[in-house]
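Because only heavy atoms are used, hydrogens play no part in the values below, and waters and symmetry mates are left out as well, while side chains stay in.
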Amino acid sequence: QVQLVESGGGLVQAGGSLRLSCAAAGSTSSFTVMGWYRQAPGKQREEVASITSGDTTDYADSVKGRFTISRGNAKNTVYLQMNSLKPEDTAVYYCNAERTVVVNVEGATRNMEYWGKGTLVTVSS
């Protein structure tokens, strides 16, 4: 089984920085996509940033220019460098990973999605 564990959340003042880390344990193959989502109080979960196995990145408009997503060399870790944090960035941040797995002897595949438990980021004004 794949287990994702986030770390790096905490309390920071507006304008400050944090770096979130996500480590995947139990992975037997590369992930197609890894990314970060967040859920603010009273809001739906939204995608913040993602990175593909080919290192293509994508960011939500609200974080462009401030956040940077990257992968470790082992491809089982992903980071989110968050700069110039704003109070509206306050949320629980979740690590997400996807990969395609072979599910039977005929070679059928299925896309699998995994989630971490989340790490809380609180940005004070």
Side-chain angles (χ1 to χ4, degrees):
Q1 291 183 321
V2 174
Q3 301 173 19
L4 303 180
V5 181
E6 305 100 332
S7 63
L11 176 64
V12 65
Q13 293 183 337
S17 299
L18 285 173
R19 190 184 73 155
L20 305 184
S21 299
C22 174
S27 177
T28 59
S29 62
S30 299
F31 295 103
T32 305
V33 182
M34 297 188 74
W36 291 93
Y37 289 69
R38 68 185 181 187
Q39 187 166 22
K43 302 293 184 180
Q44 290 186 286
R45 187 175 298 187
E46 64 174 345
E47 183 175 328
V48 176
S50 65
I51 185 167
T52 70
S53 59
D55 291 328
T56 298
T57 58
D58 191 32
Y59 298 92
D61 289 340
S62 60
V63 306
K64 286 182 179 178
R66 299 189 297 120
F67 291 9
T68 303
I69 189 170
S70 61
R71 293 187 299 157
N73 290 334
K75 309 300 182 183
N76 64 343
T77 56
V78 64
Y79 307 95
L80 186 68
Q81 178 66 46
M82 305 186 295
N83 298 325
S84 302
L85 284 163
K86 304 175 181 179
E88 48 264 47
D89 294 319
T90 296
V92 177
Y93 284 71
Y94 298 90
C95 181
N96 169 264
E98 298 178 0
R99 70 185 181 97
T100 301
V101 299
V102 179
V103 297
N104 60 32
V105 296
E106 287 77 28
T109 61
R110 188 173 187 177
N111 187 60
M112 303 296 292
E113 188 174 73
Y114 309 92
W115 292 92
K117 295 181 179 179
T119 184
L120 178 63
V121 172
T122 303
V123 184
S124 62
S125 60

Side chain to side chain donor-acceptor pair (under 3.5 Å) with E47: of W36, Y37, Y94, only one passes, and it is Y37
Within residues 9-20 or reaching into it, pairs that qualify as side-chain hydrogen bond (donor to acceptor under 3.5 Å, both in side chains) - sequence neighbours excluded: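 Sorted pair list: S17-N83.
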Could you list all the side-chain hydrogen bond (donor to acceptor under 3.5 Å, both in side chains) pairs where at least one residue sits in residues 115-125, not counting sequence neighbours?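 Sorted result for residues 115-125: E113-W115.
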What pairs meet the salt bridge (charged side-chain N to carboxylate O under 4.0 Å, His left out) rule with one or both residues in residues 33-44, with sequence neighbours excluded? R38-E46, R38-D89
Specify the closest pair of heavy atoms between [X] and [Y], including all atoms of both residues, with the distance to one decimal.
X   : Y    : result
M34 : C95  : CE-SG, 4.4 Å
A91 : Q39  : CB-O, 3.4 Å
A40 : T90  : CB-O, 3.5 Å
G35 : I69  : CA-CD1, 4.0 Å
V92 : G118 : CG1-CA, 3.8 Å

How long is the span from the [atom1] atom in [X] to the [atom2] atom in [Y], to the nearest 0.5 Å?
X    : Y    : atom1 : atom2 : result
M112 : T100 : CE    : OG1   : 10.5 Å
Y114 : E98  : OH    : CD    : 10.0 Å
K64  : T57  : NZ    : OG1   : 9.5 Å
N96  : L4   : CG    : CG    : 7.5 Å

Out of curiosity, does Y79 fall in the hydrophobic cluster containing Y93 (side-chain heavy atoms, cut-off under 4.5 Å, transitive links)?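 Different clusters.
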Assess the residue pair M82 and L20 against the criterion (side-chain contact (heavy atoms from CB on, under 4.5 Å)); give the C-alpha distance rounded to whole Å, side-chain angles, the decisive distance to 0.1 Å, and a yes or no. CA-CA 8 Å; M82 305 186 295; L20 305 184; 3.7 Å; yes
Worked verdict on Y59 versus T68 for side-chain contact (heavy atoms from CB on, under 4.5 Å): CA-CA 8 Å; Y59 298 92; T68 303; 3.8 Å; yes
When you compare the side chain of F31 with that of V2, does any pair of heavy atoms fall below 4.5 Å? yes
State, yes or no, whether a side-chain contact exists between V123 and K86 at a heavy-atom distance under 4.5 Å. no
